[in-house]
Amino acid sequence: MTTLTPSGHAASTDNYLTFTRGIKSWMFTLDHKRIGVMYLISVLASFFVGGLFALIVRTKLLTPGEVTWIDADQYNQAFTLHGAIMVFLVIIPSIPGALGNFVLPIMLGAKDVAFPRLNLFSYYLWITGALLSVYALLAGGFDTGWTFYTPYSTSTETAGVIPVVMGVFVLGFSSIFTGLNFVVTIHKLRPPGMTWFRMPLLLWALYATALIQVLATPVLGITLLLLIIERAFGIGIFDPGMGGDPVLFQHFFWFYSHPAVYIMILPGMGIISEIIAVHSHRQIFGYRFIAFSSIAIAVFSFLVWGHHMFTSGQSPLMNVVFSFITFSVAIPSAIKVFNWLATLYKGAIALNTAMLYGLAFMFLFTIGGLTGLPLGTLNTDIHLHDTYFVVAHFHYVMMGSALIAMIGGIHHWWPKMFGVMFSEFWGRIGCTLVFVGFNVAFFTQFMLGSQGMPRRYYQYQPEFQTYHIVSTMGAYCMALGFFLTGAYLLHSLFFGKKAPANPWGGRSLEWQCTSPPPHDNFSTTPSVGNPYDFSDLRWNEAEQGYEVDPNAAPAKDTH
Amino acid sequence: MIHLLLQATSESQGQAALSTSVPVSPADFWLPEGASTVSPQVDFAFQFVMWISYFFFVLVIGLMVYFAIKYRQRGREVYARGPSHHTMLELGWTILPTILCVFMFWFGFRGFIDLVTPPQNAYQIDVTAQKWFWNFRYPTGATSADSHLYVPAGRPVKLVMRSEDVLHAVFIPAFRVKKDIVPGRYGTLWFQTDHVTEGWNESDPEKQKFHHLFCAEYCGKDHSKMYAKVFVLPQADFDLWLEKQGRWMDELKGDELWQVAGPKLYGRCASCHTLNGGASTGPTWQGLWTRVSGGAGSDGKLDNGKETYASLIGAGKAFENPETYVRNSILNPGQHIVVPFGNVMPTFKGQLNDKAIDAIIGMMKNLDQFDAKGKFIGSGVTAAAK
Ligand code: HEM
Ligand SMILES: [Cu+2]
């Protein structure tokens, strides 16, 4: 196979997948690409399991009363497992661990992350955390809700609480080490010419994310340790019966978990910036605004945790302050949406699967962000807090946005990662099923919540049943879409057409190396330009991909 | 500063609340019926935010779809050159949302101050939350016999709330109020409603209108069963009702005691004890009286198998007779635990007096005269027909 890279990479048949063989070459690999692929597989497997629990929960909710096949205790365990798996095993590690690991060094023009061994260690920490969670499940499960609120979590009789809390503790370290690795990589491994403002926006987003991972996650760690200490040794920290304070736990928990929602969404926003620009074949609008809004979000995200506690009895003054600051996080998010919109203007928009996911993201994130507003508004949140309105809101932002971005990113980089093209036809159908199913499943939950249906309810008032049935149908439709997506992606691995180096016409560095990339990414230092200047690309019919036109006028850096 | 504001608004609110009567707002697409004095304010803020949201949603998604169609790639050769930035536009779409957000904040803030400052003259009801039921105690010392919340119309009501175990939260959607109940602290919540719930004094529950009161903070197994109805009564009727709560059992004579009072009191036990043999958090009452009085099932194990009903109950044993045993189980539930249940039942000391316990025991003895929900259906009905 010959390559068309301007970096002059020698023709070679070896890529990172075939570079060495055997199971050990994967288990002990230090190659960021292989680690990324291992993360991808693990995260998707967890997503499958978490999804099954979601289907159990939704199926129960078809009827308002008690059912014979699942009782209240089992139901509580099912939604707890669903939430904990999806948050800690799927969404938080998904984009940084899987896609970030794969593309960050290549986009930067580096051969690997700064600390490849630490990177592998992060992965094994993830595995350890996952195993502990499985153990917790076998040891008797846990029914605390993903938020582990005390004193329920320190007093419930389910035996899996301590193991799962240990699991989440370990997962936290996995996240911290990944963040640390990315921060150092971006600071230290940029090749000559790769200035901060020539970095693709995904890197800004991953950088902002990494800052939060490093700074916020330790707080989760200590909180969980204190929880374990209280539960195991009866030392009062959160339990008022022993002189503790349950609200303190909520402060600690959200001090991490609000920033954590940006650990989930910022990388997704980064992916969307890439997808929208590349598939519109046009300079991204407002590069600096997008880049700085990522940093602004990272900073503000530390200052709003109290908006999860408006009804907790914290002082009214505190509520007022937190409400005010909450709105300041909304602004940078809105700016990003407007910038993506302006990027579409006068673009040349390819409506392929990856881009459809990009547009779906814009749709869903707009709803998710806007519905954050009545939650940030004090008197309306009093009514909406702990109802399905909140459930719908965070599914729109965590699943509809962060996870959809992840899936869009998988499609965007699939040819790069595995060197094959998937079926666009089935891709579009899958995306449509997921999009429609998602909205049916979760938009109904806004009405449920605003009309007063509390969350985490095994039984409910019959008047809510219609919405619940519709919501469950949406969930089934979504599940179908995901199965289809899994099927055609797997199919493409074996039967897919060979992918060109640059199938979409991207200009950032990963599109300059072959698909799949060689073991060490670049054999010579790549030439760095504006990652969003597509003017010197041309279509190569024989390759079915884009290539650099040597006769094009030299690009000028314009942002 | 904030405290001054808090005080100023609370006084004006207290008076305004009494003099104006706001009609019940009917349920709409988003919000349920609104029946408290603060609900119009909350609904206004909600609608304000929603209308802004509709505007931005239509704008963003409309343009997105329009651009996606108008500028779709035709062929492969097209490279687009749109503007890469536009300072005025960018400033504009930063400043406009900021201004709108300040308004949202302001409406929310004003409404919130009213929500958290109960007027001085509010009528106080003490609420105890326990896994998984509510107990409402009134200033006279009486508690609501059927564990539903009865409040007078036309005056501010303040709930002072306490939890016996874990976090709970009172949520009354029609009043737009919610407040967590944190163990070790008192939580307060106030509301005023000027609207009597129709049919509250009908004997037929089908005809009674009421508002929902939910537990909104996850509290374990029967979180979703921690429910009460809210009835709003005219002041005079409320006073009558309240007077009855203190001595409602006094008027009941003979068998009426367990026939009438039994089902009402059972409301507090229903979240954990079934009447028809169904599994729940605690032992079913079906066959209970037979078990404790030496009949079938009296070999049932207690205290991890160390005891049985038979070994504890009977002349010369720990409990003279089954009545004493049941009474002790209600007042000191942790003393003897039936296998395989956990030690989760709260004590009812101070909540159920001797007469109430008599009523419950009477109900247990005559369980075949009640249906599975605890409704008295009289004798002559066989257990099989239930
Ligand atoms: C425009 C921006 C946003 C605003 C103003 C906003 C506001 C809020 C508020 C006030 C709450 C608390 C509601 C309550 O519990 O009563 C909340 C809950 C939540 N939000 Fe957002 N939010 C925004 C965006 C996001 C994003 C981007 C994410 C994640 C990717 C997110 C994830 C969550 C989660 C996970 C919860 C609730 C978790 C729980 O209680 O279990 N939000 N949001
Ligand atoms: Cu938050």
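Treat the numbers as computed from the prediction; the structure is a model and nothing was measured. Lettering of chains follows the sequences in order, A, B, ..., and the numbering in each one begins at 1.
When heavy atoms are compared at a cutoff of 4.5 Å, F446(A) approaches chain B by way of both its backbone and its side chain. In this structure, the portion of K225(B) lying under 4.5 Å from any heavy atom of chain A is its side chain and not its backbone. Of the atoms belonging to D43(B), not a single heavy atom falls under 4.5 Å from chain A. Contact annotation for S280(A): only backbone heavy atoms (N, CA, C, O) come within less than 4.5 Å of a heavy atom of chain B. For I331(A), the part lying under 4.5 angstrom from a heavy atom of chain B is the side chain only. Neither the backbone nor the side chain of T156(A) comes within contact range of chain B; no heavy atom of the residue lies under 4.5 Å from a heavy atom of that chain. Heavy-atom distances place the backbone of C219(B), and not its side chain, under 4.5 Å from chain A. Of the atoms belonging to N339(A), heavy atoms from both backbone and side chain fall under 4.5 Å from chain B. Only the side chain of V49(B) comes within contact range of chain A, judged by heavy atoms closer than 4.5 Å. Heavy-atom distances place no part of Q77(A) under 4.5 Å from chain B, backbone and side chain included. Contact annotation for S312(A): both backbone and side-chain heavy atoms come within less than 4.5 Å of a heavy atom of chain B. Interface remark: T387(A) contributes side-chain atoms only to the contact with chain B (heavy atom separation under 4.5 Å). At a 4.5 Å heavy-atom cutoff, the contact between E463(A) and chain B is made by side-chain atoms alone. Within the 4.5 angstrom heavy-atom criterion, only side-chain atoms of V344(B), from C-beta onward, approach chain A. Both the backbone and the side chain of L167(B) come within contact range of chain A, with heavy atoms under 4.5 Å apart.
Heavy-atom pairs under 4.5 Å with chain B peak, among T380(A), I382(A), T377(A), at I382(A). Of the listed residues (T343(A), V337(A), T154(A), L384(A)), the one with the most heavy-atom contacts under 4.5 Å to chain B is L384(A). With respect to chain B, the highest number of heavy-atom pairs below 4.5 Å among M362(A), Q461(A), M355(A) belongs to Q461(A). The choice from Y149(A), F324(A), Y75(A) that makes the most heavy-atom pairs within less than 4.5 Å of chain B is F324(A).
Under the 4.0 Å criterion applied to side-chain N and carboxylate O atoms, R456(A) and D386(A) are not assigned as salt-bridge partners. Using a 4.0 Å cut-off between charged side-chain N and carboxylate O, K221(B) and D73(A) make no salt bridge.
A donor-acceptor contact closer than 3.5 angstrom is absent between the side chains of Q130(B) and W132(B). Between the side chains of D114(B) and Q41(B), at least one donor-acceptor pair of N or O atoms lies under 3.5 Å.
Rounding to the nearest 0.5 angstrom, the gap separating the CD atom in E543(A) from the CG atom in N502(A) is 10.5 Å.
Proximity of the aromatic rings of Y218(B) and Y152(A) is defined here by a centroid distance below 6.0 angstrom, and this criterion is met. Ring centroid separation for the pair H383(A) and F171(B) comes in under the 6.0 Å cut-off. Close placement of the Y227(B) and H212(B) rings is indicated, their centers lying within 6.0 Å of each other. For H223(B) and Y457(A), the ring centers sit closer than 6.0 Å to each other. Ring centers of W340(A) and Y287(A): at least 6.0 Å apart, outside the cut-off.
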